[in-house]
Amino acid sequence: MTKEVNLTEKLKHYFGFDKFKGDQESIIRNLLAGRDTFVLMPTGGGKSLCYQLPSLIMDGTAIVVSPLIALMKNQVDVINGISEEDGVAHYLNSSLKKAEIDNVRADILSGRTKLLYVAPESLNKEENMEFLKSVKISFYAIDEAHCISEWGHDFRPEYRKIRHAIETIGLAPVIALTATATDKVRTDIIRSLGIEDCAEFKSSFNRPNLYYEVRPKKNDDDTNKQIIKFIKQHAGKSGIIYCLSRKKVEELAAILQANDIKAAPYHAGLDSETRSKTQDDFLMEEIDVIVATIAFGMGIDKPDVRFVIHYDIPKSLEGYYQETGRAGRDGEEGICVVFYSKNDLKKLEKFMEGKPVAEQDIGRQLLQETEAYAESSVCRRKMLLHYFGEEYAKCNCGMCDNCLHPKTKIEGKDYLLTILKA
Ligand code: ADP
Ligand code: MG
Ligand code: ZN
């Protein structure tokens, strides 16, 4: 594309927004120029638009690889809602029937489909690759690209085969997008997709409105009491409580309900109808508190979640950052509390024993980093950002327990020690 496109006008025309957020415009220009692109932006930063807008401008169909069927459907509905024509966006995944697939293919061949969302399994299917060979592809967008890496919090082996699929279907620029910022994940993504010469765009991961706190966990009974007290102090506010096991989720939800708190459990063991009702009730504020396993949250866009509590220490700092990131998306208060005990750490280590050695090694290292975070007396924000390769210059953020209530030297661990361990 040689001529300069007025992107602001396109943005207004298609999405109704007046200006770009963060690096969106440079990212889009880079992609329009045909370059591979790597985008690191925290959740809520506006990654989708970085591929949606150029797909509507460019010739051909953009392929968007995305891991979750629910998210795909949602995005497709949004795009079709803003387009004058039908079939501008479609998705291909295992939920479609034969007739629906035929319809999608017909729309693609007619040239009206600008965006095709695919699950990685569907992309890698022989018959789909064969079909897509005959289609003009504008570019490939790999959303939630951290799924490529075992160092990410949501590894999907099928993501590893994307490069092969691209080579089979036909080369076109690749844009990889993720909110997962560790260097190991980044390297994995770039290597696996073969985009070593890509332009990289990284936004800051600092969330200044989030308050971080680590509380010692004595026992379940004491933790339950603290949580009930906390919720009562924030009556009527929306919050999420993460637990590691389904059993704990059920137990705690029942305890909260017995204490007149509008709470509901959420985990992958519940049927999809119950889950989607719970989600809706939470969005509509029929329910204040969701007690959930990490199955809850990806793609949930409730801007006014006021607190995220971790009943158990998370398996990785990466996961912790993502989960706490669901608080305060509107920029207002967000309180993030995690309960920590050495015992829980030992339990998590025990869980890993049956797994393959390589997986155990990764798991242990991730746990050590979480441990270092929990035991440190250094500013939590500084540690979290350091984990993502970002230096936080201030020494007192004023928005974490360690900055507000500094520990004595004997109580706290040396910063150097934690850094060396990480
Ligand atoms: P991410 O995938 O990075 O988590 P999304 O793509 O879901 O973020 O976008 C988050 C929110 O920001 C969405 O509600 C989206 O409509 C909004 N958004 C994106 N770009 C803009 C913009 N330029 N101006 C205003 N709102 C935007
Ligand atoms: Mg996204
Ligand atoms: Zn701090």
Side-chain angles (χ1 to χ4, degrees), residues 7-28 39-56 64-68 70-72 74-79 81-82 115 117 141-147 154 175-181 201-214 283 297-304 321-326 328-331 335-336 373 376-387 391-407 412 415:
L7 286 179
T8 308
E9 204 177 280
K10 299 279 182 198
L11 177 71
K12 181 84 188 165
H13 172 75
Y14 288 112
F15 295 91
F17 299 140
D18 291 320
K19 54 182 195 309
F20 288 101
K21 276 212 274 194
D23 287 334
Q24 281 175 335
E25 182 166 4
S26 338
I27 294 167
I28 292 169
V39 177
L40 245 173
M41 214 187 250
T43 305
K47 288 186 285 298
S48 326
L49 195 119
C50 298
Y51 55 80
Q52 288 168 338
L53 184 61
S55 77
L56 298 172
V64 182
V65 183
S66 166
L68 286 177
L71 288 187
M72 250 180 240
N74 188 296
Q75 289 213 6
V76 166
D77 290 346
V78 168
I79 295 292
I82 60 174
L115 267 161
Y117 285 80
I142 320 302
D143 206 356
E144 314 286 355
H146 56 271
C147 294
D154 194 14
I175 177 170
L177 311 100
T178 179
T180 299
F201 295 87
K202 181 174 179 179
S203 338
S204 170
F205 277 64
N206 188 20
R207 297 281 308 274
N209 60 319
L210 297 191
Y211 174 81
Y212 298 104
E213 177 179 348
V214 180
L283 292 175
M298 212 189 197
I300 302 291
D301 193 1
K302 183 165 170 52
D304 59 349
Y321 177 85
Q322 300 299 341
E323 285 137 32
T324 54
R326 288 165 194 144
R329 285 178 70 163
D330 54 4
I335 304 173
C336 312
Y373 171 82
S376 172
S377 54
V378 167
C379 169
R380 309 281 180 201
R381 187 175 313 280
K382 195 178 184 78
M383 286 208 72
L384 276 175
L385 291 175
H386 175 84
Y387 183 70
E391 283 320 310
Y392 183 68
K394 278 198 262 179
C395 42
N396 189 323
C397 78
M399 279 287 279
C400 79
D401 53 353
N402 283 344
C403 286
L404 290 187
H405 319 284
K407 286 179 199 149
Y415 184 45

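Atoms within a ligand are numbered from 1 in the order they appear, just like the ligands themselves.
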Heteroatom proximity flag, Lys47 to ligand 1, N/O under 3.5 Å
yes
In terms of residue, atom name and distance, what is the protein heavy atom nearest to atom 14 (O) of ligand 1?
Asp301 OD2, 3.9 Å
Crowded around Lys10 NZ? As in, over 12 foreign heavy atoms under 6.0 Å?
no
Among all the protein's non-hydrogen atoms, which is closest to atom 4 (O) of ligand 1, and how far away is it?
Gly44 N, 2.6 Å
Shortest protein heavy-atom distance from atom 8 (O) of ligand 1, along with the residue and atom involved
Gly46 N, 3.2 Å
May I ask you to decide if Met399's main-chain N or O and Arg381's side chain share a donor-acceptor pair within less than 3.5 Å?
yes
Please check if a non-hydrogen protein atom sits closer than 4.0 Å to atom 10 (C) of ligand 1.
yes
Just jot down the ligand 1 atoms closer than 4.0 angstrom to any heavy atom of Lys19, in number order.
22 (C), 23 (N), 24 (N)
Taking only Lys NZ, Arg NE, NH1 and NH2, and the carboxylate oxygens of Asp or Glu, determine whether Asp18 and Lys12 approach each other closer than 4.0 Å.
yes
Within 45° of the six-membered ring axis of Tyr373 and under 6.0 Å from that ring's centre, is NZ or CZ of Arg380 located there?
yes
Starting from atom 20 (N) of ligand 1, locate the nearest protein heavy atom and write down its residue, its atom name and how far away it is, to 0.1 Å.
Gln24 NE2, 2.9 Å
Under 4.0 Å to a heavy atom of Thr43 - the qualifying atoms of ligand 1, by number
4 (O)
Are any side-chain N or O atoms of Gln24 and backbone N or O atoms of Lys21, one a donor and one an acceptor, separated by less than 3.5 Å?
yes
Looking at every non-hydrogen atom in both residues, tell me the closest pair between Lys382 and Ala393 and how far apart they are.
NZ-O, 4.4 Å
How does Phe20 reach ligand 1, if at all, at less than 4.0 Å between non-hydrogen atoms: by side chain, backbone, both, or neither?
backbone
For SG in Cys379 and SG in Cys403, the angle at the Zn ion (ligand 3) (nearest 10°) is 100°
Best match, Gly45, Gly325, Ser48, Pro42: closest heavy atom to atom 5 (P) of ligand 1
Ser48
Considering all heavy atoms of both residues, which atom of Asn402 and which atom of Ser376 are nearest to each other, and what is their separation?
ND2-O, 3.0 Å
Any side-chain heavy-atom pair from Pro406 and Ser377 closer than 4.5 angstrom?
no
Atom 22 (C) of ligand 1 [closest protein heavy-atom partner, distance rounded to 0.1 Å]
Phe17 CD1, 3.4 Å
Using 30° and 60° as the class limits, which term best fits the ring planes of Tyr51 and Tyr117: parallel, tilted or perpendicular?
perpendicular
Heavy-atom proximity to atom 18 (N) of ligand 1, picking from Lys12, Glu144, Glu25, Lys21, points to Lys21
